[in-house]
Amino acid sequence: MKGWMGKIRAVFLLGLTALVLSACGRENLTALDPKGYGAQKSFDLIILSTVVMLFVLAAVMVVYTIVLIKYRKKKGQEDYIPKQVEGNKTLETIWTIIPIILLLIIAVPTVTATFDLADTSGSDDHMNIQVTGNQYWWHFNYEGQEIQTSQDMYIPVGEKVYLNMKSADVTHSFWLPTVTGKMDVNPDNENTMYIEAYEEGVYWGKCAEFCGPAHSLMDFKVIAVSQDEFDQWVADMQNVDPDAEPDSAVAQDGKALFEENNCMGCHAIGSSPVQVGPNLTDFGNRSKLAGTEEMNKENLVQWIMDPESMKPGNKMTGNYPEVSKDEAGKIAEYLLQLKPSEITPESAKD
Amino acid sequence: MSIAAAQKRSFGAVLWDYLTTVDHKKIAHLYLIGGGFFFLLGGLEAMIIRIQLIKPENDFVSAGFYNEVFTMHGTTMIFLAAMPLLLGLMNAAVPLQIGARDVAFPFLNSLGFWLFMFGGLLLNMSWFFGGAPDAGWTSYVPVSTTSPGHGVDFYVMGLQIAGAGTLIGGINFLVTIINMRAPGMTFMRMPLFSWTTFITSVLILFAFPALTVGLFLLMFDRMFGTAFFDVSLGGNTIIWQHLFWIFGHPEVYILILPTFGIFSDVFSTFSKKRLFGYTAMVFATILIAFLGFMVWAHHMFTVGLGPVANSLFAIATMAIAVPTGIKIFNWLATMWGGSITINTTMLWSLGFIPTFTIGGMTGVMVASVVADYQYHDTYFVVAHFHYVIVGGTVFGIMAGLHHWWPKMFGRILNETMGKLTFWTFFIGFHLTFFIQHFLGLMGMPRRYWVFLENQGLDLGNLISTIGAFFMAFGVIVFMINVVYSAVKGEKAGADPWDGRTLEWTIASPPPFYNFKQTPLVRGLDPLWIEKTEGKGKMTPAEPLGDIHMPNPTFLPFMMSLGLFVAGFGFIYQVNYDWAYGLLFGGMAITLVCMLLRSLKDDHGYHIPKEELEGKAK
Ligand code: HEM
Ligand SMILES: [Cu+2]
């Protein structure tokens with residue numbers, strides 16, 4: 001019995017090691033390949049604590065294996081009565097003191113890192129973005145810059161950006177594994193944290209606190225671009241004319257329909273801070289539709305006609321007049337041409 | 001009452017016997033049946049979760065139903081399966097281990113069970129009345145306060161009633177262990193399972209009131225229009241998290257400490273050695289229990305409590321690893337130099353050591369605040385708490401069941417099936433949950449109804465689901481084993497394992513009065529002492545005399561039924577006036593029963609000495 005138990009375990013561990021080494025997950029979603037300040041701090045502690053704890057596991061397993069090999073009841077020993085040992089002060093002291101030392105090795109850097117990441121005193125000297133969690137989408141308000149976006153957040157690479165986070169409804173949690181850990185977004189108070197991405201890229205973020213039916217679809221993207229590209233993006237976003245007429249006739253119809261159906265009641269284009277639904281200023285440049293779906297006309301038409309089928313429990317369903325497939329197509333045409341900037345998620349992939 | 005003997009009587013008589021029993025040994029059976037039933041239900045829910053997550057963007061179940069399923073899975077497993085099964089084992093073993101004829105309050109013991117059972121049934125009635133709770137077993141506000149329908153109301157009422165039952169059970173064990181120990185059974189001679197039951201009862205006494213308060217606030221917000229948790233009206237949502245975890249963290253020690261006791265008894269029995277470092281084990285238990293109340297905010301590291309609170313709670317949490325480590329090494333030292341028999345009971349106990357060590361490891365890792373910013377609310381945490389709850393509590397319950405089954409039912413569970421159950425469950429368990437550590441770090445949050453394609457999460461989830469099927473298979477074999485042993489199982493003598501403690505000194509199953517004469521305890525492991533000194537049986541501490549016994553009663557059942565009915569009334573008075581009928585009717589049933597209980601003197605009865613003498617022959 002013991003023989004094959006050992007074998008199973010060996011095969012199991014080998015398989016897992018292979019799996020882990022070959023794939024730490026998607027490079028812009030995993031916490032195991034950090035590319036930002038907070039994620040790096042977390043990663044260092046993850047590694048440190050794993051190593052220390054593996055040492056403990058090894059100690060336990062060594063004694064365990066010896067015990068199982070050496071002290072099994074043997075044939076002819078049925079009447080053998082082992083010595084009844086009461087305890088051993090020295091041994092017990094040793095396995096009290098050593099764990100305390102090991103824990104201190106983890107505790108000290110933990111406390112240092114905790115205070116480091118909680119230090120938001122530098123927020124005045126850096127860019128601040130107001131993050132609002134909504135069922136089931138994210139709103140980003142670039143403080144003092146008159147820029148509002150939803151779902152996609154552009155930031156300059158290598159810069160500290162401070163996020164002031166609050167929820168408009170229930171508790172959510174802002175998680176950007178590759179760049180930083182997570183922080184809850186509460187309805188009660190504003191939480192602040194800072195992020196800094198080390199490399200350009202489109203980083204995938206998720207809501208990590210259960211918030212209702214579409215919780216698992218409440219994704220967002222953080223797009224880290226070079227400082228120049230970011231400046232360009234800011235200028236472009238600030239120059240948006242929300243009333244600009246689209247070029248094509250279909251899109252013009254779409255714009256009219258968009259207004260007729262009172263979509264503006266919840267959505268905004270430009271820097272007006274309406275927050276019932278996502279701001280659509282740079283919708284045509286979004287990396288994903290509704291946070292998770294591929295960005296194309298077909299999906300968008302489906303979304304407009306029946307958002308419930310794509311995001312159960314979302315707050316758009318049933319809050320506007322029914323639109324025909326033809327009308328939805330026109331609206332989609334209009335929305336997809338909302339591309340105020342040359343800087344897109346593509347710009348982050350160099 | 002053995003199953004074979006019961007079969008001779010009519011089904012109705014047996015049923016009535018169980019509905020009115022105040023015998024702790026029969027209440028133990030009831031807890032095992034009730035807890036076992038809910039365990040299967042929770043397991044079914046787990047399988048639905050895992051089937052839904054077998055592949056990306058699966059549409060096996062809808063988002064709303066998925067949320068109900070994982071909420072009920074967690075709630076059921078914690079409140080209605082793990083805890084009752086432990087209470088079942090406590091009822092079966094503790095009075096015997098301390099040499100008592102009964103528990104201190106037999107009436108309350110039965111009341112505790114029926115409250116749990118009716119609370120659990122009420123909670124599960126939600127499936128048939130328009131939807132189960134869907135805000136997670138933690139029921140965080142405002143998701144829970146704003147959840148439509150009555151699901152969360154069932155959660156509130158069901159847990160309130162079941163929780164009252166647990167609290168009553170806890171108080172009963174406290175008083176029993178303080179007052180009813182046999183002569184010579186000093187505290188420091190008590191078997192470890194009795195010790196951990198005692199400490200667990202203290203935890204129940206202090207932790208459950210926090211839950212009660214939280215549930216009342218939630219109840220008033222949802223059913224009577226208050227705004228404790230409504231931020232727009234000046235409420236505060238973080239308060240719920242504090243209240244919940246002030247209860248919820250000790251709760252996980254309520255689940256784990258009793259099994260620490262079981263493992264201690266099992267390791268020493270099957271290694272033929274006394275427990276290594278007994279005193280240290282007792283104090284480690286007390287220390288763990290104390291620290292268990294100091295660390296609740298480690299569930300809230302990402303809430304934004306600030307670095308001072310986070311650091312303090314992190315260090316307090318890490319500190320728990322020290323007494324836990326002491327325990328692990330003392331168990332190993334108990335086996336060291338022993339003569340180890342490996343049967344199914346020991347397999348579960350030996351499987352516990354590496355599994356729980358890994359769970360404890362990840363516990364320390366999660367306590368490292370900044371690392372937790374990544375782990376929190378992901379599958380890493382799902383993996384961590386299943387390593388401790390399943391690897392600790394479920395393995396411990398299985399060890400305890402195999403250990404005491406002969407004592408409870410007079411029959412030994414089949415070893416071949418027992419081993420098959422262990423190995424499939426053990427392998428399945430690690431297959432399911434080990435990989436989830438990585439899924440979490442690779443970006444999979446918990447309570448996700450679907451995970452998306454192209455995120456590198458497919459393989460891990462597939463493996464995890466395959467593992468869950470192994471576990472389900474193991475559980476099915478165990479159920480077959482139970483039925484098989486009831487029909488054909490090997491009969492057990494009084495002391496099938498060469499035991500060391502008092503429960504092995506009397507027949508299996510024990511007579512309804514337990515000990516004809518209370519035994520005299522001369523040290524730790526009293527039976528072992530008598531065996532090694534060549535006597536092999538206990539010296540009585542008293543001459544043979546009449547035994548006083550409590551009468552059976554139907555009142556606990558009725559009192560709980562009354563609250564069950566009133567529960568519906570509370571829930572539906574929001575929409576319908578007729579529901580007040582249920583509310584007041586149900587409360588009336590309960591109150592009348594309470595009045596009857598207070599007014600009617602019930603002195604029980606005596607088993608005369610002559611009858612006991614007759615039985616001895
Ligand atoms: C067949 C064995 C089991 C399987 C396959 C299983 C599976 C799962 C999964 C996948 C989740 C995560 C759901 C999510 O957050 O997305 C979960 C949650 C949970 N499980 Fe289990 N589980 C099993 C047994 C148990 C047992 C025995 C217990 C306790 C005694 C337990 C307690 C919990 C709790 C408390 C939660 C959290 C529920 C919530 O988030 O509200 N599970 N389980
Ligand atoms: Cu959310």
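Worth knowing before you read on, the calculation uses all heavy atoms, side chains too, and leaves out hydrogens, waters and symmetry mates. Chain naming here is simple, since letters A, B, ... match the order of the sequence lines and numbering starts at 1 in each.
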When heavy-atom pairs shorter than 4.5 Å are enumerated against chain A, which of M318(B), M444(B), M300(B), M335(B) gives the highest number?
M318(B)
Fit a plane to each ring of F380(B) and Y375(B), take the angle between them on a 0 to 90° scale, and name the class: parallel (under 30°), tilted (30 to 60°) or perpendicular (over 60°).
parallel
Give, as side chain, backbone, both or neither, the part of L332(B) having an atom under 4.5 angstrom from any heavy atom of chain A.
both
For V231(B), is it the side chain, the backbone, both, or neither that has a heavy atom closer than 4.5 Å to a heavy atom of chain A?
side chain
Mutual orientation of the aromatic rings belonging to W336(B) and Y71(A) [parallel < 30°, tilted 30-60°, perpendicular > 60°]
tilted
Which region of T146(B), side chain (C-beta onward) or backbone (N, CA, C, O), has a non-hydrogen atom less than 4.5 Å from a non-hydrogen atom of chain A, or is it both or neither?
side chain
Identify which part of P312(A) has an atom lying under 4.5 Å from any heavy atom of chain B, answering side chain, backbone, both or neither.
side chain
Could you check K166(A) against D188(A) for salt bridge (charged side-chain N to carboxylate O under 4.0 Å, His left out), going step by step and ending with a plain yes or no?
CA-CA 8 Å; K166(A) 198 169 174 188; D188(A) 306 63; over 6 Å; no
Which bit of I238(B) comes within less than 4.5 Å of chain A, counting heavy atoms only: side chain, backbone, both or neither?
both
Take K272(B) and D498(B) through the salt bridge (charged side-chain N to carboxylate O under 4.0 Å, His left out) test and state the conclusion after the steps.
CA-CA 8 Å; K272(B) 287 207 176 309; D498(B) 194 8; 2.6 Å; yes
Using the six-membered ring wherever Trp is involved, compare the ring planes of H430(B) and Y387(B) and label them parallel, tilted or perpendicular (cut-offs 30° and 60°).
perpendicular
Under 4.5 Å from any heavy atom of chain A, what part of F276(B) do you find: side chain, backbone, both or neither?
both
Part of L441(B) within contact of chain A (heavy atom distance under 4.5 Å)
both
Go through the atoms of V364(B) and report whether side chain, backbone, both or neither lie under 4.5 Å from a heavy atom of chain A.
side chain
Aromatic ring centroids of F174(A) and F220(A) under 6.0 Å?
yes
Would you call the rings of F422(B) and F426(B) parallel, tilted or perpendicular, where under 30° means parallel and over 60° means perpendicular?
parallel
Would you find a donor on one side and an acceptor on the other, under 3.5 Å apart, between the side chain of S139(B) and the backbone of A135(B)?
no
In terms of heavy-atom proximity below 4.5 Å to chain B, should W175(A) be classed as side chain, backbone, both, or neither?
side chain
Measure from NZ or CZ of R26(A) to the centre of the six-membered ring of W204(A), then state whether that distance is under 6.0 Å and the direction lies within 45° of the axis.
yes
Proximity breakdown for V308(B) and chain A, heavy-atom pairs closer than 4.5 Å:
both
Where on I81(A) is there a heavy atom nearer than 4.5 Å to chain B: the side chain, the backbone, both, or neither?
side chain
Heavy-atom proximity to chain B below 4.5 Å, by part of L102(A):
neither
Relative to chain B, which segment of L104(A) carries a heavy atom at a distance below 4.5 Å: side chain, backbone, both, or neither?
neither
Proximal component of L275(B), with respect to chain A [non-hydrogen, under 4.5 Å]
backbone
Among C211(A), A118(A), P99(A), P177(A), the residue with the most heavy-atom pairs under 4.5 Å to chain B is P177(A)
Using 30° and 60° as the class boundaries, would you call the ring planes of W331(B) and F267(B) parallel, tilted or perpendicular?
tilted
S271(B) versus chain A, the contacting section by heavy-atom distance below 4.5 Å
backbone
Considering only heavy atoms, which portion of T50(A) lies under 4.5 Å from any heavy atom of chain B: side chain, backbone, both, or neither?
both
Return yes if a side-chain donor-acceptor contact under 3.5 Å exists between N186(A) and S167(A), otherwise no.
no
Segment of D134(B) engaging chain A (4.5 angstrom heavy-atom cut-off)
backbone
Partner chain A: residue of G456(B), A319(B), G443(B), S268(B) with the largest heavy-atom pair count (under 4.5 Å):
G443(B)
Before giving the answer on ring-ring contact (aromatic ring centres under 6.0 Å, His included), spell out for H215(A) and F210(A) the whole-Å C-alpha distance, their side-chain angles and the decisive distance to 0.1 Å.
CA-CA 6 Å; H215(A) 167 55; F210(A) 179 67; 5.6 Å; yes
Tell me, side chain or backbone of A39(A) under 4.5 Å from chain B's heavy atoms, or both, or neither?
both
